[in-house]
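Notes follow once the structure below has been shown.
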Number of protein chains: 2
Amino acid sequence: MTDRTQLAINTMRFLAVDAVQKANSGHPGLPMGAAPMAYVLWTRYLRHSPKNPQWPNRDRFVLSGGHGSMLLYALLYLTGYDSVSMADIQNFRQYGSPTPGHPESHLTAGVEATTGPLGQGFGNGVGMAIAERFLAATFNRPGHTIVDHYTYALVSDGDIMEGVSAEAASLAGHLKLGKLIYLYDDNQITLADPAKTTFSEDVTKRFEAYGWHVERVADGNGDLEGIARAIARARAETERPSLIRVQTTIGYGSPNKANTPDAHGSPLGPEEVKLTKQALGWPLEPDFYVPDEALVHFRQAIDRGTAAESAWQAAFAAYAAEYPDLATLWEQFQSGALPDGWDADLPAYKPEDGPVATRKASGAVLNAIAPKVKNLIGGDADLAPSTNTLLKGSDEQQAGTPGGRNLRFGVREHAMGAIVNGIAYHGGLIPYGSTFLVFSDYMRGALRLSALAHLKALWIFTHDSVWVGEDGPTHEPVEHVASLRAMPNMTVIRPADANEVVAAYRVAMQHRGGPVSLILSRQNLPVFDRAQLGPAAGVQKGAYVLYDPAGAPDIILIATGSEVSLAMQAKDRLEAQGVSARVVSMPSWELFDQQPADYCDSVLPPSIKARLAVEAGVSMGWHKYVGDAGRVFSRDDFGASAPYKALMQAFGFTPEHVAEAALEVIAAAKARA
Amino acid sequence: MTDRTQLAINTMRFLAVDAVQKANSGHPGLPMGAAPMAYVLWTRYLRHSPKNPQWPNRDRFVLSGGHGSMLLYALLYLTGYDSVSMADIQNFRQYGSPTPGHPESHLTAGVEATTGPLGQGFGNGVGMAIAERFLAATFNRPGHTIVDHYTYALVSDGDIMEGVSAEAASLAGHLKLGKLIYLYDDNQITLADPAKTTFSEDVTKRFEAYGWHVERVADGNGDLEGIARAIARARAETERPSLIRVQTTIGYGSPNKANTPDAHGSPLGPEEVKLTKQALGWPLEPDFYVPDEALVHFRQAIDRGTAAESAWQAAFAAYAAEYPDLATLWEQFQSGALPDGWDADLPAYKPEDGPVATRKASGAVLNAIAPKVKNLIGGDADLAPSTNTLLKGSDEQQAGTPGGRNLRFGVREHAMGAIVNGIAYHGGLIPYGSTFLVFSDYMRGALRLSALAHLKALWIFTHDSVWVGEDGPTHEPVEHVASLRAMPNMTVIRPADANEVVAAYRVAMQHRGGPVSLILSRQNLPVFDRAQLGPAAGVQKGAYVLYDPAGAPDIILIATGSEVSLAMQAKDRLEAQGVSARVVSMPSWELFDQQPADYCDSVLPPSIKARLAVEAGVSMGWHKYVGDAGRVFSRDDFGASAPYKALMQAFGFTPEHVAEAALEVIAAAKARA
């Protein structure tokens, strides 16, 4: 290792050490141990353009062990990204800084993925590699290689232990993602313990079993050429993803804490910082010392990146000249905008066509959109025949069909979530994932990050209530709609009929700044007579008056999804008894809460206190809308196994019971008034 | 295969085929393919006592692919369990039957685990094997083997693909659980597709990498001796868990649907049922035909089981004579009751001892209970130094220390959940699992099943709000308390100070019929002066008046956890301005909702409409308690990375802001009145 190389690596290490120490909080150990491999990757291999972090053909680098965030911030600062200044590094983990404890992609340009919860970044990288391969298959032409980048990640012991990464690794091997290269910081220390306390598997053999190419670097602290050779071999391997096990020392250089859990999650402490600087021959002062020689060396990344990007721009210009239509398509993909006429073929449903399960309508809508919106790509966790999410006329995404838009994730919900997120992070594509609503629990870690990272991702959850029926309570979501509504920045839409599905897709496709979850029925639902009741476009406002009686209503029935038609039947029964009810379809709390107060008051007039919410799930949260005088007709316990019509009887979800409850609410509200 | 054997196996197959057909719903394929291996296991190896499904030393059998439930129901009926009659089989998937679509342990004796969501049963079995080994280490003495059983499971392709099983398998290999034997129904078909669509890894190699012993039976349809030999070798292997890959044909016998996804999740249809019966030489009528010869053969299990149990009872009597104290301890373990004096050493905290993080108090309480409650066993997902869940003076549970009560799960939250559930299913032990609250998302599939299956499991979730601070929003739960409250049968308790932690453990330890989640702070919290304010025992009622002013209060401040001390400070500010406030600590909605109305009204008098709930999480659900005139002081967005005191300022969680909000609520309530 040359002196300059050593200097550069130690600069990274001590930026991390000093930042963690100043914040008095953080994880110094990973950056200290992984600095050499990161240095080799970033200075010799990673193709990126610090002055344009959005250059579409850049290599992606994911720090899956997000707790080592200072490693990434140091690299961004040193290689010349405008997003991270020295002041930002000195403000590590402080309010309002772009240098939070774990990297957040929407805050900090150059951060490719929001990481921290372990295993997610591992899955995200698989999604990025799928995106790259799909875009390459879609756009590249002989003599014109527009898309051609690697996806790298730095993964930790914890990443390797998590189930989500196991799922993602198995799928990556199956898909033969040859341009996926993961550096594994094999430091044998987890937060609490030496890894061997809980972890004695043969990682190499496991990844080979998944179909990966595995390299090993015995001295990851010093053998930079070994690291470089391993990366070169990984790049040369085009059929298999690569895992490079780089054996390192966590907290490298710290005389008393290296190779112990003490270096993992806490500052070294002033005395140990001093001893570490002495041990590595680093000046004790100033803190945050960046030698000019190191900075100049790192900052060569700017010119290299600009040159690479310019060459790509020239190549793209030549491509655009020869393939103008493809170039236009490319621009449309990259812009995130929908093409004109994207919604031209959206279906419209009529009552006389008979009842339709909203999952079925969803399949029809997806297939009406997909031919126009060619960057819509997604799939299912082994349930496509049930979730109706296959795009007709599109291939499966497989090793031999990289242009396939139908992603088949297998029985791997959590990896599906992380991979869909990875596709969204990559850019250029609009990804979706689908499974039964009850299994949203399995992928909740990924769902949360899609919301936190403001991703445009579409989650299609079918089989949405106890009306799943015979499969029983293990497969019947009751708390899941509530749980998704509880998640900040997650827009949840539960359409009431096929036309509301169409309207929900209009919202979802145009929504920006966060994910949308569609909640769809297994069972058939009647199609409302829109000629009489008015359009379903009210979905975009979250709630709207579906039916209004002449004169002031005695009660408002508020319902979502399959319970809207039940509310309509109850309304009919009430009318027969001379009681008038407004029926509000409220597919989305989040959209409704964003409307101006006068709209909200027009749908739920404050003067009408008698309100009954009807939803086949837990009541939690509905009191906000029904108020003190109202009531929630809900299912606050698990379901049961039976044909769903039997369950409707057993659980009282019948027009008679709802009408009875409505009469009780009216009486009670009168008594209060 | 003898004729009788063939007859017995086909009896199982056609009970499944007919039941699924009659229900017009279900999964015939797995039972048809897996009947031979299940037959061999249940008739030759499984030690169980159909007339006493609770015999503690029975072998455990988990049907991890719970969709194949008819296989299990057929076995239970045929081997003589009282819990499943022929009428019950004919009522498969009907309301109120003990034969739901997926097996539910709390409904049907002989069902060892509630399965269906894939991978869970795989993890449950690991927990059962840990429980067996721990109990054996605790109770067995030379010449007296009281605990000595195997844990078997039947796992499917989907189970093998799920991340939770990958995590559990890695840990099982690490722990060298030699008495864990899984039969893998290697049928190469998942619900939607041939498995090869998404699944091409080398499963044998992967499991060997985990440290498992892997056997393979090439003809799982016909080679019963091969299956038997593989099970025998697995039983002889004492150092490694065993996976027996039994290659089968899904829907075996069905001329048109065998070996296709069509046999997986739908009835065969009347015509195909007929063709299948013809193909396997089965009488077309009657349906649900059980030949006497087969039934007599299967029912030998009753005598075998009774004899085995009697022998064990005799052995236990001899043991009890020689080790009366251990026998008493055994009975106490099995009873599920807590020993006298279990709470004798519970700590009491005083304000003058200074503030205490509730996670720290939790650690102290656990360690005060553990020496008395010797069947309390549990651990952490690589965060013990932070979750404070290590039992002092107890070993780690490791291959060489099977009596260790400290379970170290590694960075494997979901497997932790499934394994803790497995320990609870096993019986005799009170298990707990712990991690940061934000990572409850990773284990939600298992948490849900703990609630659905009515398990006595304790979930200890620390780092409970945005006050996690520097780690930032990826590590800051905001919606998680709400999400756990949304789950039926999950009791959530968020204590406000160290003494409420003590009270919360009193509830948790004595709670039956479902899990308890404790929600604990990272940061220190003041200890309330109980001499002045009254005892923390109100925790058991879910909410109680912590502070009451003289005369009628102008407002009620309702808070949980760390926000209770904030509410107390706000109350002081209000009092200084001549405004009187009651402060209600409300650690548990679920417990409060179970109280009689007069108690609830005494805590939250209906006449006092000015109410302010204060909680550093999403507001969802609080409107039920604050009412139309009230308000929720909440955090309805993700957090941020900063020292937590800076976040409190930034997010407005200060006594001044809360007091201001209270004044606004009082004014608005007056205006409404």
Side-chain angles (χ1 to χ4, degrees), chain A residues 25 93-95 100-102 116-118 158 161-164 166-167 170 174 190-192 197-202 205-206 209-210 382 384-385 408 410-412 414 441-442 444-445 448 452 470-474 479 482-483 486-488 618 620-621 623-624 627-628 637-638 641-642 646 650, chain B residues 25 93-95 100-102 116-118 158 161-164 166-167 170 174 190-192 197-202 205-206 209-210 382 384-385 408 410-412 414 441-442 444-445 448 452 470-474 479 482-483 486-488 618 620-621 623-624 627-628 637-638 641-642 646 650:
Chain A
S25 169
R93 291 181 162 238
Q94 304 308 305
Y95 190 69
H102 295 81
L118 291 169
M161 294 170 84
E162 288 284 7
V164 59
E167 294 174 8
S170 177
H174 173 77
T190 61
L191 186 137
T197 302
T198 57
F199 191 51
S200 49
E201 64 177 54
D202 181 339
K205 189 170 175 176
R206 170 154 74 99
Y210 292 138
D382 190 43
R408 310 305 308 278
V411 192
R412 303 182 182 103
H414 203 173
D441 277 349
Y442 271 47
R444 205 166 156 86
R448 182 174 208 258
L452 173 56
E470 290 92 340
D471 273 346
T474 56
E479 74 277 29
S483 300
M487 197 178 276
V618 298
M620 188 173 161
H623 295 86
K624 178 177 171 186
D628 292 353
D637 196 355
F638 293 106
S641 171
Chain B
S25 168
R93 291 181 162 236
Q94 303 308 305
Y95 190 69
H102 295 80
L118 292 169
M161 294 169 84
E162 289 283 6
V164 59
E167 294 173 7
S170 178
H174 173 78
T190 62
L191 187 137
T197 301
T198 57
F199 191 51
S200 49
E201 64 177 56
D202 182 339
K205 189 169 175 177
R206 170 153 75 97
Y210 292 138
D382 191 45
R408 311 305 307 279
V411 191
R412 303 182 182 104
H414 203 173
D441 277 348
Y442 271 48
R444 206 168 154 85
R448 182 173 209 260
L452 173 56
E470 289 93 341
D471 273 345
T474 56
E479 74 278 29
S483 300
M487 197 178 274
V618 298
M620 188 172 160
H623 295 86
K624 178 177 171 186
D628 291 353
D637 196 356
F638 293 106
S641 171

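What you are looking at is a predicted structure, and each value in this text was computed from that prediction instead of being measured.
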Q) Does one side chain, of A:S25 or A:R93, offer a donor that lies under 3.5 Å from an acceptor on the other? A) yes
Q | Contacting moiety of B:H414, where chain A heavy atoms sit under 4.5 Å | A | side chain
Q | Shortest non-hydrogen contact from B:P473 toward A:L452 | A | CB-CD1, 3.8 Å
Q) What option among A:G472, A:P100, A:S200, A:G445 has the most heavy-atom pairs under 4.5 Å with chain B? A) A:S200
**Q.** Set of residues satisfying side-chain contact (heavy atoms from CB on, under 4.5 Å) with respect to A:S483, sequence neighbours excluded
**A.** A:R444, A:E479, B:R444, B:S483, B:A486
Q: Could you tell me which of A:A650, A:G410, A:P117 has the largest number of non-hydrogen atom pairs under 4.5 Å with chain B?
A: A:P117
Q) Between A:R412 and B:E162, is there a salt bridge with N-O shorter than 4.0 Å? A) no
(Q) Just so I understand: if I count every heavy-atom pair under 4.5 Å between each of A:M620, A:Q94, A:H102 and chain B, which residue has the most? (A) A:H102
Q. What is the distance from atom CG of B:D628 to atom NE2 of B:H623, rounded to the nearest 0.5 Å?
A. 9.0 Å
Q) Which one of B:E470, B:E167, B:M487 has the most heavy-atom pairs closer than 4.5 Å to chain A? A) B:E470
Q: Pick whichever of B:G163, B:A209, B:A642 has the most heavy-atom pairs under 4.5 Å with chain A.
A: B:A209
Q: Name the member of B:D202, B:V164, B:D637, B:D441 that forms the most heavy-atom pairs with chain A at distances under 4.5 Å.
A: B:D441
**Q.** Rounded distance (nearest 0.5 Å) linking atom OG1 of A:T474 with atom CZ of B:R448
**A.** 8.0 Å
Q) Highest number of heavy-atom pairs under 4.5 Å with chain A: which of B:A192, B:A166, B:G101? A) B:A192
